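A short worksheet on the structure shown next.
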Number of protein chains: 2
Amino acid sequence: MDGFPEMPQEEEKVNRALVTELNGSLPDEEMFYRLSELYKVFGDSTRIKILYVLFEAEMCVCDIAALLGMTQSAISHQLRVLKQSQLVKFRRDGKTIYYSLDDDHVRTIIGMGIEHLTEEA
Amino acid sequence: MDGFPEMPQEEEKVNRALVTELNGSLPDEEMFYRLSELYKVFGDSTRIKILYVLFEAEMCVCDIAALLGMTQSAISHQLRVLKQSQLVKFRRDGKTIYYSLDDDHVRTIIGMGIEHLTEEA
DNA sequence: CTCTCACTTGAACATCTGTTCATATGTTAT
DNA sequence: ATAACATATGAACAGATGTTCAAGTGAGAG
């Protein structure tokens, strides 16, 4: 097989060259993995809601739970995920723990998402 | 129960008011759902890689598959997801189908993600 | 027409994810 | 100390997700 080296049209030649070039300059696997892990965090409506309400002010777990109509446990689990991704930080005040946004990119990322959705036909 | 209306400290009063205020002005459920669905698309390293290689140029399915070292089928499945979210578009040229980015926000969103990752301690 | 190529699609399967429930930790008040 | 409260955590279960494999389009060549 492969006895007849077919002549590709010009367009394909260009593309083939680009593929070869890209092949050597792709970021490493680790980077893509970490990026996708970060976006997975945004890929849950409960977590998006939590981030959204934290846009306004820091808030304790029970307030967030009440606001979103969910159990404290569920919110706590999700806050842990957000904490691990360094998207939220917290401070303790007596029995209460106040959470707040830990990163300015969060606003931009969610903002871009909203733009994308609202610009659709 | 609730026989003793305890007096909360001032800080909590303020927070309580904010929670009440937020409660009325939250975007609807649908919007949070759609946002999270969008980010779910970014939450897979295969799809991130596909978007990344499409930064450079339009590309056909087999090129993407070769570049990422995956089967055509797997790539095709993921392209369908990207298509449904209107993140990529395609054009047919004979037997070949070329995919390309359909939205400028993709670059910004991924850019913010990379910034977030690189800014960590 | 048939054959091949590029791609799509559906079912199946293993893996991952989010919530619930029960339990544990930590802080304050008594 | 005990009780009450705010939060965290672990196990478990249902539902979602990504890849593989096999079969299905659709377009160009012979």
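Every heavy atom of this structure was used, including side-chain atoms; hydrogens, water molecules and symmetry mates were not. What you are looking at is a predicted structure, and each value in this text was computed from that prediction instead of being measured. Within every chain, numbering begins at 1; the chains are lettered A, B, ... in the order of the sequence lines, protein sequences first and strands thereafter.
- Looking at A:Thr46, its side chain has no donor and acceptor atom pair within 3.5 Å of the base of C:dT19.
- For B:Asp63 and C:dA6, the CG to C1' distance is 11 Å, given to the nearest whole Å.
- Ranked by how close their nearest DNA chain C nucleotide is to the 5' end, B:Lys83 and A:Ser73 are led by B:Lys83.
- Whole-Å rounding puts the B:Tyr39 OH to D:dT17 P distance at 17 Å.
- The distance between atom CG of B:Asp93 and atom P of D:dG26, rounded to the nearest whole Å, is 18 Å.
- Residue order along DNA chain D, read from the 5' end via each residue's closest nucleotide, puts B:Ala74 first among B:Ala74 and B:Gly94.
- The base of C:dT17 is not paired with the side chain of A:His77 by any donor and acceptor separated by under 3.5 Å.
- Note on B:Phe90: nothing from the nucleic acid sits closer than 4.0 angstrom, heavy atoms only.
- For A:Thr71, a side-chain nitrogen or oxygen approaches OP1 or OP2 of C:dT20 to under 4.0 Å.
- By the 30° and 60° cut-offs, the orientation of the rings of A:Phe42 relative to B:Tyr39 is tilted.
- No more than 12 heavy atoms of other residues, nucleotides or ligands shown are found within 6.0 angstrom of OH on A:Tyr33.
- Between the CG atom in B:Leu68 and the CD1 atom in B:Ile75 there is a gap of 5.0 Å [rounded to 0.5 Å].
- Donor-acceptor pairing under 3.5 Å, judged by distance alone, is absent between the side chain of A:Thr96 and the base of C:dT27.
- A close approach under 4.0 Å does occur between a side-chain nitrogen or oxygen of A:Tyr99 and OP1 or OP2 of D:dA8.
- As a whole-Å value, the separation of B:Asp44 CG from C:dC16 P is 13 Å.
- Between A:Asp63 and A:Val53 the shortest side-chain heavy-atom distance does not fall below 4.5 Å.
- Nucleotide D:dT9 holds its P atom 15 Å from the CD1 atom of A:Ile75, rounded to whole Å.
- Nucleotide D:dA27 holds its C1' atom 15 Å from the CZ atom of B:Arg91, rounded to whole Å.
- Between D:dA6 and A:Arg92, no contact under 4.0 Å exists linking OP1 or OP2 to a side-chain N or O.
- Taking only side-chain nitrogens and oxygens, A:Gln78 comes nearer than 4.0 Å to OP1 or OP2 of C:dT19.
- Residue-to-nucleotide proximity on DNA chain C shows that, of A:Arg47 and A:Lys95, the 5′-proximal contact is made by A:Arg47.
- A:Ile97 has its CD1 atom 9 Å from the P atom of D:dT9, to the nearest Å.
- Between A:Phe90 and A:Tyr99, the ring planes are tilted. Angles from 30° to 60° get that label.
- In this structure, A:Lys40 atom NZ and C:dG18 atom P are separated by 10 Å, rounded to whole Å.
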